[in-house]
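For the single chain, residues carry numbers from 1 onward in sequence order. Only a predicted model underlies this, so the values are computations on that prediction, with no experimental measurement involved.
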Amino acid sequence: MSNAAHSYPQQCSATRKGGYILVKGFPCKVVAMSTSKTGKHGHAKVSITGQDIFTGKKYEMIESSTHNVEVPNVAKHEYQLIDIEDEGFMSLMDDDGTMKEDLKVPEGELGEQIQAEFDDGKELLVTT
């Protein structure tokens, strides 16, 4: 079950494409949704496809438009990349000048791209 500190209820019909929702307990960005006509029991159904914000996996759900769904609290922070240590940890600074040094450069193609652009002297912003 969802933790109240990490999510809040919202009427399903208020959900919008591009918003966030918990689908089967996974925090997802809504990538598609459609609403069916009112059925014989008087409630329209909303079909939602969400993409996990961490893994990229897609999940689907169908819910009555009048029922509540859980919406995760999603916070984004931007940091300027100041340095990359030999061990792969990034030195990041936010707008207030506060440093964050506990994130490693990601593995794979993204990490290689970050390292190459940093080595080329480009100013990079990292979003967490």
Exercise. Would you say Val30 and Thr15 make side-chain contact, with heavy atoms under 4.5 Å?
Worked result: yes
Exercise. OH/Tyr8 to CG/Leu22 distance, rounded to the nearest 0.5 angstrom?
Worked result: 10.0 Å
Exercise. OG of Ser34 to NZ of Lys45: how many Å apart, nearest 0.5 Å?
Worked result: 13.0 Å
Problem set entry | Side chains of Pro27 and Phe54 in contact at under 4.5 Å (non-hydrogen atoms) | yes
Problem set entry | Test item: Val105 and Phe118 side chains (from C-beta on) under 4.5 Å apart, heavy atoms | no
Exercise. Roughly how far apart are Thr66 OG1 and Glu63 CD, rounded to 0.5 Å?
Worked result: 8.5 Å
For this session: Could you give me the CA-CA distance, side-chain angles and deciding distance for Met61 and Val46, then say whether side chain to side chain contact (heavy atoms under 4.5 Å, CB included) is met?
Result: CA-CA 8 Å; Met61 69 182 285; Val46 179; over 6 Å; no
Exercise. Quick one: CG on Asp52 to NZ on Lys29, what's the gap to the nearest 0.5 Å?
Worked result: 13.0 Å
For this session: Measure the shortest side-chain to side-chain distance between Thr49 and Lys58 over non-hydrogen atoms and say whether it is less than 4.5 angstrom.
Result: yes
Exercise. Any side-chain heavy-atom pair from Thr128 and Leu103 closer than 4.5 angstrom?
Worked result: yes
Problem set entry | CE-CG distance between Met99 and Asp83, expressed to the nearest 0.5 angstrom | 8.5 Å
Exercise. Do Glu109 and Gln113 have side-chain atoms, one donor and one acceptor, less than 3.5 Å apart?
Worked result: no
For this session: Count the heavy atoms belonging to other residues, nucleotides or ligands that lie under 6.0 Å from CG of Asp120, then report whether that count exceeds 12.
Result: yes
Exercise. How far apart are the closest heavy atoms of Glu70 and Ser7, and which atoms are they?
Worked result: OE1-OG, 2.8 Å
Exercise. Going by the angle between their ring planes, with limits at 30° and 60°, are Phe26 and Tyr59 parallel, tilted or perpendicular?
Worked result: parallel
Exercise. Quick one: does Gln51's side chain have a donor or acceptor within less than 3.5 Å of a partner on Gly56's backbone?
Worked result: yes
For this session: Indicate the atoms forming the closest heavy-atom contact of Ser64 with His43, along with that distance.
Result: OG-CB, 3.5 Å
Seminar exercise, completed: Rounding to 0.5 Å, atoms CD (Glu85) and NZ (Lys104) come to a distance of 12.0 Å
Problem set entry | Whether Ser47 side chain and Ile62 backbone form a donor-acceptor pair below 3.5 Å | no
Problem set entry | Pro106 side chain near Ile114 side chain, heavy-atom distance below 4.5 Å | yes
Exercise. Are Asp94 and His77 side-chain neighbours, meaning at least one heavy-atom pair lies under 4.5 Å?
Worked result: no
For this session: Side-chain contact test, heavy atoms from C-beta onward, threshold under 4.5 Å: evaluate it for Cys12 versus Ile21 and give yes or no.
Result: no
For this session: Compare every heavy atom of Lys17 with every heavy atom of Met33, then report the nearest pair and how far apart it is.
Result: SD-N, 3.8 Å
Problem set entry | Same apolar cluster: Leu92 and Leu125, side chain cutoff 4.5 Å | no
Problem set entry | Verdict with reasoning, Gln115 to Ile84, per side chain to side chain contact (heavy atoms under 4.5 Å, CB included) | CA-CA 8 Å; Gln115 184 70 56; Ile84 299 176; 3.6 Å; yes
Problem set entry | Distance-minimising heavy-atom pair for Ser91 and Glu101 | OG-OE2, 3.3 Å
